[in-house]
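Here's the structure, in structure tokens; my notes come after.
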Amino acid sequence: MSMAVRSARFVVSGWRGPLLLLFLVLVVTLVILHRVIQSPLLNQYEILHKHLERGGSSSSSSSISSTRSILLWNDFFGDPRWKLSWDTLGPQELREELHCPVYQCEVTNQHDFLPAVELYDAVVFHAAQMFPLLEQVPARRSPKQMYIFALMEPPGETKHRLDDEQGFYNLTMTYRLDSDVVWPYGQIVDIETGAVVAPNSNPSWRKPPVVAYNDTEIYDLWAGKSKMAAWFVSHCKTLSQREVLAERLQTYFQVDIYGKCGTLSCARGDPYCDEMLDTDYLFYLAFENSLCDDYVTEKLFDALRRNVIPVVFGGADYSRILPPHSYIDANRFETVSDLALYLDFVGGDATEYASYFWWRRHYRLGNSSPFCDLCARLHEPGFRHKSQSYNDIQSWWFNSCHLESHLKW
Ligand SMILES: *[C@@H]1O[C@H](CO)[C@@H](O)[C@H](O)[C@H]1NC(C)=O
Ligand SMILES: *[C@@H]1O[C@H](CO)[C@@H](O)[C@H](O)[C@H]1NC(C)=O
């Protein structure tokens, strides 16, 4: 009995060697086979397919399968939702509420939405504010993550120490047209094609008509307008010295100054203030507080919604932002007196005045969410394989401004 067991054991252990060998051979063969099957020689389509599925490419939305996650690190001027409607938006909200063409993203301000902070594909920092006191920056960072410098204030208003953050950011998201993700204060959309025409560094505009633009509404309003220019302003002393320009203009005609820096007041959001622009004023002064590339504020876009001509003063090349002949750019004049003379001429001639509204037949104002563009960007071809960062974010940001305008006071 015990003999039989022992010999059976012997038989088994005698088999063990060759069995192990066979097993090893089998494993090696399988590995080689797997390698061969997975090799680009035999398998290029499959590899490409997987790459596309990972989001390695693509223009066609069907190949965008995996969702990218975006964490909003700090708040946006006290708004933890950055003007979005929820704390967390998924692909459905991006598609239905924001109308994003590429919507396979999650945007959240909940730091624990994913189990670890290095799992987010992108972390957005609002750089016009201090970072959260308790946790200034994420404790861990993955080299695959994109840290995003998001800012809507001009450099003079960036209340943040950027020289501590050299080499920190991978992408920029600002109003500047050379940002990785452009976040404008407003957009001009072609009514016929639905395409966003501007802001753009080289927009293709329709030409203003040569024949007089005949808009009876504008003609009627023009006839009732009795005041020259309105200016709504709350920062009285600025880098651009717009206050000096306004003061000089006042030697030619009356500029009504509403807000902290003037004698008149009109509550923000009061519909009467807007209507007054239609009925009383010929011009609306849209003077920026800093002379910086591409910098124009939303006030300008607000003015374009009214029946009043904006007189702009800023550092932007306005032809990248607004349709031709829809505004009067102070920087196009040699002197303040030339500007004042021209405003008198346009304000005094109904046909000339109305001609500044030609664009309304072809364009409308639009605004799309920067998070749509960011989402699209995170799905761009090669996103996971390319690495970039801003080694000197401070120069990138600050070098876009100048202190003096071309206009002579
Ligand atoms: C403008 O159009 C109106 C009708 O819409 C017409 O009565 C008027 O004569 C036109 N004016 C000019 C200058 O073409
Ligand atoms: C982002 O920037 C950091 C710091 O410069 C760098 O280590 C990382 O590789 C960059 N990531 C990407 C995805 O570009």
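Being a predicted model, the structure only gives us computed values, none of them experimental. Both counts, for ligands and for their atoms, begin at 1 and track the order of listing.
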Do the ring centers of Y219 and Y353 come within less than 6.0 Å of each other?
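No, the ring centres sit 6.0 Å or more apart.
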Centroid separation W222 to Y356 less than 6.0 Å
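That pair fails the under 6.0 Å test.
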For [atom], tell me which residue out of [options] has the closest non-hydrogen atom.
atom: atom 1 (C) of ligand 2; options: N391, N170, L171; result: N170
atom: atom 4 (C) of ligand 2; options: A122, S142, P143, G167; result: G167
atom: atom 3 (C) of ligand 2; options: Q145, Q166, R141, Q388; result: R141

Any side-chain heavy atom of [X] within less than 4.5 Å of one from [Y]?
X: F333; Y: L407; answer: yes
X: R306; Y: D302; answer: no
X: F149; Y: T174; answer: yes

Give the atom numbers and elements of ligand 2 that come within less than 4.0 Å of a heavy atom of K144.
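Close to K144: 13 (C).
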Hey, which atoms in ligand 2 end up nearer than 4.0 Å to a heavy atom of S389?
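Result: 2 (O), 5 (O).
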